[in-house]
Every structure is written in C-alpha cells, then in structure tokens.
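Inspection log for the structure reproduced underneath, given as structure tokens.
Chain A is the first sequence line, chain B the second, and so forth, proteins listed ahead of strands; every chain is numbered from 1.
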Amino acid sequence: MPPGGILMRYSKAFIHTYYETPKEAETPSHVFLLRGCYIYPVAAGVYSLLPLGHRVAEKIKQIIREEMDAIDCLEITMPVLNPAELWKKTKRYFDIGPELFRFRDRRNREFVLAMTHEEVVTDIAKQFIKSYRDLPVTLYQIQTKIRDEARPRGGLLRVREFTMKDAYSFHPDFDDLDRFYPRMFNAYLRVFARCGLESIPIEAHSGIMGGTGSHEFMLPSEYGEDRFVTCSSCSYRANTEKAVGKKNMPQDDVSSVPPAERVSTPGVKTIADLKEFFNISSERFLKTVAYSADDQLVLAVIRGDFDISETKLATYLKAVRLELAPEEMLEKHGLYGGFLSPVGLPKNIRVVADDSVTAEIAFVAGGNEPDVHFKNVLYGRDFSVDEITDIAEVRDGDGCVQCGKGVLKIRRGIELGHTFKLGTKYTASDTMDVTYLDSGGKPQRVVMGCYGIGVERLMAAVVERWHDEAGIIWPITVAPYHVVIVPIGQKPDVMTLAEECYHRIGGKYDVIIDDRNESPGVKFKDADLLGFPIRVVVSQKLLQQGAVEIKVRKTGEVIICPTSELVERIEKVENQLLPNLTGLPFMDE
RNA sequence: CGGGGCGUAGCGCAGUCUGGUGAGCGCACCUGCCUUGGGAGCAGGGGGUCGGAGGUUCAAAUCCUCUCGCCCCGACCA
C-alpha cells in the first residue's frame, strides 16, 4: 500500500446511489456499477467513469504500470486519430470490417480512429530502431481505443470506447521474442492477481492480428462471451476457436460395404431430415457447406456429428472474409444447396475436409443434383479430398488430444487480456518494412510481440468476481477508498471521534467519512453497495466503552477495537486482504 | 445484421388493449421540525414537450405510419 492516503467526505464525493436496479442492466457488474454511481451511460457501449469509477480505473492502471515497468517496458502515448495511409500500409484498412471508424477531415484526407496501435508504434520503431543495440525494447501506453462493435453488452464488459493498456515488444529475432514472452505472460498473471482475480491462461486464436502464438487470460464467468475448454486431467486449456478435440473414429468392415447407391431424397436437405429419412445416426452423414472465402467458392466437408468451425476454416484458408456462399455462386458452379457433396464433384472446385471424414464407415452423402443422395459412400473408394485438416468445432465432452485421457469441458469466461507473438506481420517488407543492422552489419527484420489489457473490462470483471446480493466487494488493491468511516447520529462527541479516526487513518489509507445526516441503515446499505473493504463505525454506545467497530466487507468479520488500537487493527485486516501472488501458473522465464 | 423486449419526472413503474376525470404512484431531490445500529417519521414543495415526426379524430400517452434510442439472445469480434 503506498504511504499517505487521501481523505474524502461522502457529502462532497459525488456519490448518488440508486436503490433500484436500472432496467437496462442485467449482469451484476453492470447493475452495481450503475447503482453505485461508478459509471454513467452516454450511448450504447459508451460510458463516463464517475469519480468512484475513475478512482478504481486509476488504481488498476497503476498496478498495470508497476508490472510493466518492472519488466522494463517504457510508457508512451500515441494518438487515437490516425491517418488512413498508415493503416493501408499494413492492409488492415482493407482487412478490418466496419468496426474500424473511418472518416475524412476538412481537407478530405482519410482518417481512422485507432482500435489498436500496431501501425503507429511500428512506424516509431521503423524511425528509431536502426541497430541491434536498440533491441530489444518494449513500448506501452494506457490509451483510449475505439471500435464500432456490432453489439456492445454487459455494461463495461464490451464497449465501443475504452481504455487499453497495449504493449509492443521489438526483438532482433524469434528466439529473443520467445525469451521475453514469458516475462510478459507472468506480468499479466501478476496484474490480474493483484486486482484480486485468478485468471486462467489459455491458448488462443490469433485472429486478424496474425502471429505465431497467443494466450488469452480468462476469468471464468457465466456472463463471459468467450468459450474455452479445459482438460479434466492435464493442463490443456484453449479457446474454442482453436481447441482441438479427440474425434471418435467409428469403423465398418469396409470390404463388405456394397457399392455406392443413388437414393431419391426429395426435399431432404438437413442432417436432421436425413437422420429421419435414413434412420441412421448423424456420424454416418457427410455434411458439406459452401463458403465464399474472399469471393472464392470453397466447399467444406465434415462428418455429420460435428459442426464446422468457421474460425478454424478461415484460419486454414487464410481468408479475410468468410461467409456462406450466396445462391448465385452455387448456381454458377452448377451446385445445389442441400445436396452438396464431395462425391462426383467437378475437379475445379476447392474442397477442404475435416479429418473426421476419413473414418472407415459407409457414409450417406449428397448427390450434387436436386433430391438425390448416395449411400454406402466410402472415403478413398468413392471420394477423396486433397486438403484434410481439423475444422471441427470442439464439443463439450470431447477427448483431450494433449494427454489422451482427459475429457474437455467447455466453459464461458471474460477475456481479461491477450498476449501475441506477432512475428513479422507488421515489420515485413510488404507492410511497414522494419529492419535493423546486426553486429555483422547485415540487415535483419525486427520481430514483434503485442499485449493488451482492457482497463474498464478488468474493472467490470472484478465486480463480476467480487460481489454479493448487497453490492460490490472490492479487493483492497483496487477499492476507490480502503476505509469508510460511519458515524451514527450527529452527537458532537461521536462526530469528534469520527473525525479523529478519519484523520488518523487518512495518513496511510484512502478514507471516506460518511458525514451525511442519514440514518444508520442508509449508510450501511450504501457502504455495502459501494463495496469499501473496511468499515469503521463510531457510535455513542461504542464510544462509552472507548471502542469503535471494524467490519470487513469480504468476510463479514466484526472487530470491536479499542479506539487507541484502530490503526494497528486496520493494518492487520489489510494484511489479510492483500492478494496472494504465490502459486500462479507462471511460465518458465 | 437476424430474432425478441422496452421508451410516461433523476430511478422504478401504473395508465395504452377499450381515445374523453386536472398525467398519476413509490423512491430520489428541496424547505422545516424531529430522529439515529441495517434503505426512519411528520408537514410543505419543485420537477413531464408521455422518445421524435407525420396522420386519423371534435378530442391522442392511448389508434395508424414512419423514425430514433436503449436492453437481451444469436451472428460478428484483439
């Protein structure tokens, strides 16, 4: 705890709590942050942070700063307003959809509002990093990010304007990045732990960021919008966008399967229809879906008991845009929706199959003409596919590929942070082209990593993790005030003692004194709602015993403490409330 | 972008179906008195273009059309 806290009077603190839940709010963090006057909505997915919310955000930022500085990162500030030119260089101007705000200035020049800062920071690196002596270096900022999200939700959980800590590391080579990455990874674990959260690092999909490896740090929560799997017996943890499940491979006696046979199936199109029509289980069908990948037709084939992961497919195809193929595209290639199939397909059509289709069983597949299917279709005999990979959506209960014994469970979580090994995506010659001279005087390409934490989302996540029916339970490290002093009644001797306590504690802690002329119930309810970790009550009754009461919000523990020992007792409570940093799943540095 | 829900005082709501009473209730807010261990009491008071525009009607919060905003589910998503 930093020495010297601040003093605040409730009557001057701009706190206007609501007794009732605003109807727009559903998730606990949204409800309590609104009710506690921490935030105020401005537009969908756009919030003001009011004084209490601002204080919490600042405390989170300070923790982040300390951890970044501790691993030799340097803080900078980059602009939100970016020339489109820079974003065209890296092609992200074209690759990113409508979530990137684009507009023109008065001279008709194109600008964007930065959703991240790879372009700007890489431009800085290009200007100043000339020699191997300049490397490695990591720059970071805590800055506004703007994204026109399709659907903001859950209060602060997903918004369109927010504060992000984004760090960018520059390295002479991949080995150096690999050496640095665990330091950042571990710093992230410490940041979240210091904010009172036990995060679960998982293997993540790199998405449009590109790169060679990445982790997301998840807080399990039913209100989280990410899904990830955890293995019941090993350390495998991965986002469902990337997770691979072990597929069961049923087997028939292939030699006894009769030749493929044409079957008339008028109007039978879906797997559900087919199951009913043929009366066999879904794993015996081949599901074929037509996609338009950057305007090129691609057929994706998977066994009927799986679903296609469009994220995996897009990653495999390196496609920027992947959508279901429009009807006209099918017609152009002489294909029929509902009866698509890898069997008897014209050679010029690209097909990607999930490895589940190589099971040695008799399949039912589409006929590539209306109202026709084939049965007794065998992989290798009746059809084959050149491109076979994993494009299956992982399922709850799938086996673990890493250990081979465990079972994968799908969980929901809030993404607290994301670390990427970017590689040379932004330094390559066809993008920003950033090189340096090595000790032999030879030009080498700079290798990058990038690392983000959403500050407001982290604040909301803390509330999701730490609340009860009455309100927020701030971890002491991020609480807007550590201690609230509640005098009961307005009697002069009570007020005098309360003021005395206020000034004594205030030398070390952030303290707020509830100086309102309100009934005790009102003050207690507000203190609980607002979530101050330590409450000190001063009353006539206690005063006569020469005591005050300390109540711990988190545990409910009540300590009647001699007035003279107040500071010592609070220090003791504080020590119990400080987060524990041992036992985190650190990566070897 | 698809599906659903909601817009009446700062917050929560009733009134809308079936048009017509002076737009109401609770909380919050202001003034005074009083009170103080879990959302006190009494008295007085301020606050509304009923989301907006158009239409129907003698008459619209209420019926019709359009529109804007917000929330939830999904798609999408560093």
Side-chain angles (χ1 to χ4, degrees), chain A residues 15-27 30-31 34-35 37 40-47 92 95-100 114-118 145-155 157-160 162 164-168 204-211 214-217 223 225-227 239 241 310-311 314 320-324 415-420 422 425 449-454 457 470-471 486-491 494-495 498 514 516-529 535 537-543 548-549 551 556 558 560:
Chain A
I15 303 172
H16 307 272
T17 56
Y18 296 117
Y19 291 177
E20 280 171 294
T21 301
K23 67 170 183 296
E24 70 198 60
E26 261 175 43
T27 61
H30 195 190
V31 169
L34 280 173
R35 283 189 52 201
C37 197
Y40 183 72
V42 175
V46 183
Y47 287 87
R92 284 213 296 176
D95 293 350
I96 295 175
E99 58 269 28
L100 178 65
M115 32 198 290
T116 63
H117 281 82
E118 280 78 8
K145 296 282 180 287
I146 314 257
R147 296 176 187 177
D148 195 1
E149 293 288 350
R151 180 151 100 80
R153 69 181 96 189
L157 286 176
R158 185 170 202 79
V159 291
R160 297 195 296 169
F162 60 102
M164 178 187 251
K165 186 289 299 178
D166 45 327
Y168 306 87
H205 168 67
S206 311
I208 198 171
M209 297 302 301
S214 85
H215 289 89
E216 287 170 327
F217 294 76
Y223 294 103
E225 44 187 349
D226 276 87
R227 278 183 251 282
N239 195 300
E241 292 178 336
E310 296 189 359
T311 307
V320 174
R321 277 175 299 114
L322 184 75
E323 52 216 13
L324 288 175
E415 179 188 349
L416 302 173
H418 204 153
T419 56
F420 290 88
L422 273 180
K425 180 179 163 84
C450 76
Y451 320 90
I453 296 175
R457 180 185 283 179
V486 180
I488 290 175
Q490 298 280 309
K491 295 243 165 57
V494 169
M495 290 312 287
D514 195 342
R516 297 174 297 170
N517 183 13
E518 288 286 357
S519 68
V522 170
K523 293 182 177 183
F524 292 156
K525 291 287 185 189
D526 278 333
D528 288 347
L529 171 65
R535 187 183 82 187
V537 175
V538 181
S539 72
Q540 190 72 42
K541 189 179 77 189
L542 290 163
L543 190 143
V548 293
E549 173 196 291
K551 184 167 184 184
V558 173
I560 305 297

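Scanning both residues, Tyr18(A) and Leu529(A), for their nearest heavy atoms gives O-CD2, 4.2 Å. Smallest separation of non-hydrogen atoms from Leu542(A) and Val537(A): CD1-O, 3.8 Å. The two residues Glu149(A) and Pro152(A) make their nearest non-hydrogen contact at O-CD, 4.0 Å. Here the closest non-hydrogen pair linking Phe524(A) and Arg535(A) is CD2-NH1, 3.3 Å.
Taking atom CG on Asn517(A) and atom P on rG37(B), their separation rounds to 13 Å, with Å as the unit. The interatomic distance linking Ile15(A) (CD1) with rC29(B) (P) rounds to 14 Å, in whole Å. In this structure, Arg153(A) atom CZ and rG4(B) atom C1' are separated by 15 Å, rounded to whole Å. rG10(B) atom C1' lies 13 Å from atom CD of Glu24(A), rounded to whole Å. Whole-Å rounding puts the Arg160(A) CZ to rG69(B) P distance at 9 Å. Regarding Glu20(A), its CD atom lies at a distance of 13 Å from the C1' atom of rA14(B), rounded to whole Å. In this entry the distance linking CG of Leu324(A) with P of rG74(B) reads 19 Å, nearest Å. Put simply, OH on Tyr18(A) is 14 Å from P on rA28(B), counting in whole angstrom units.
Counting non-hydrogen atoms under 4.0 angstrom, Glu323(A) reaches nothing in the nucleic acid. Among the heavy atoms of the strands, none lies under 4.0 Å from Lys145(A). Residue Glu549(A) is in base contact, counting any heavy-atom pair closer than 4.0 Å across all strands shown. If you check every strand for non-hydrogen atoms under 4.0 Å, Ala150(A) touches a base. Using a 4.0 Å heavy-atom distance criterion, Gln490(A) is classed as a base contact. Residue Gly155(A) is out of contact with every strand shown, counting any heavy-atom pair closer than 4.0 Å. Nucleic acid contact class of Ala43(A) (heavy atoms, under 4.0 Å, all strands): sugar-phosphate only. When heavy atoms are screened at a 4.0 angstrom cut-off, Glu518(A) is found touching base atoms of the nucleic acid. Asp166(A) comes within 4.0 angstrom of nothing in the nucleic acid, heavy atoms only. Looking at heavy-atom distances under 4.0 Å, Val486(A) makes no contact with the nucleic acid at all.
Side-chain proximity of Val522(A) to rG37(B), rA40(B), rG38(B): nearest is rA40(B). Between rG37(B), rC13(B), rC71(B), one nucleotide has an atom nearer to the side chain of Glu26(A) than all others, and that is rC71(B). Here rU36(B) is the nucleotide among rU36(B), rG12(B), rG74(B) with the atom lying nearest to any side-chain atom of Pro520(A). For Ala44(A), whose side chain is taken as the heavy atoms from C-beta onward, the closest listed nucleotide among rC71(B), rC76(B), rG37(B) is rC71(B).
Spacing of P atoms, rC25(B) relative to rG15(B), comes out at 15 Å, to the nearest Å. rG19(B) and rG26(B): their P atoms are spaced 28 Å apart (whole Å). rA9(B) and rC13(B) have their C1' atoms separated by 12 Å, given to the nearest Å. For the P atom pair drawn from rU16(B) and rG7(B), the interatomic distance equals 13 Å after rounding to whole Å. Taking the P atoms as reference points, rC29(B) lies 28 Å from rC72(B), given to the whole Å. rA53(B) sits 45 Å from rC33(B) when the P atoms are compared, rounded to a whole Å. Nucleotides rU18(B) and rA59(B) place their C1' atoms 16 Å apart, quoted to the nearest Å. Using atom C1' as the reference point in both rC73(B) and rC27(B), the two lie 32 Å apart (nearest Å).
Taking side-chain N and O atoms only, Ser519(A) has no distance below 4.0 Å to OP1 or OP2 of rU36(B). One finds a side-chain N or O of Arg151(A) lying less than 4.0 angstrom from the OP1 or OP2 phosphate oxygen of rC73(B).
Using Watson-Crick or G-U wobble geometry with both donor-acceptor distances under 3.5 Å, rC70(B) finds its partner in rG5(B). Using Watson-Crick or G-U wobble geometry with both donor-acceptor distances under 3.5 Å, rG26(B) finds its partner in rC11(B). Within the shown strands, nothing qualifies as a pairing partner of rC17(B) under the Watson-Crick or G-U definition with both distances less than 3.5 Å. Using the Watson-Crick or G-U wobble rule with both distances under 3.5 Å, rG32(B) pairs with rC42(B).
His16(A) and Tyr40(A) share no side-chain donor-acceptor pair at under 3.5 Å.
Of the residues near RNA chain B, Pro22(A) and Glu149(A), the one whose nearest nucleotide (by heavy atom distance) lies more toward the 5' end is Pro22(A). RNA chain B is contacted by both Thr27(A) and His117(A); Thr27(A) maps to the nucleotide lying nearer its 5′ end (nearest heavy atom per residue).
Evaluation of atom-type donor-acceptor distances gives a pair under 3.5 Å for the side chain of Arg535(A) against the base of rG38(B). The base of rG38(B) sits with one of its N or O atoms less than 3.5 Å from a complementary donor or acceptor on the side chain of Lys551(A).
Side-chain atoms of Arg457(A) come within 3.5 Å of backbone atoms of Glu415(A) as a donor-acceptor pair (strictly under, hydrogens ignored). Counting only distance, with no hydrogens or angles, the side chain of Lys491(A) and the backbone of Ser539(A) share no donor-acceptor pair below 3.5 Å.
Classification of the Phe217(A)-His215(A) ring pair by plane angle, with boundaries at 30° and 60°, yields tilted.
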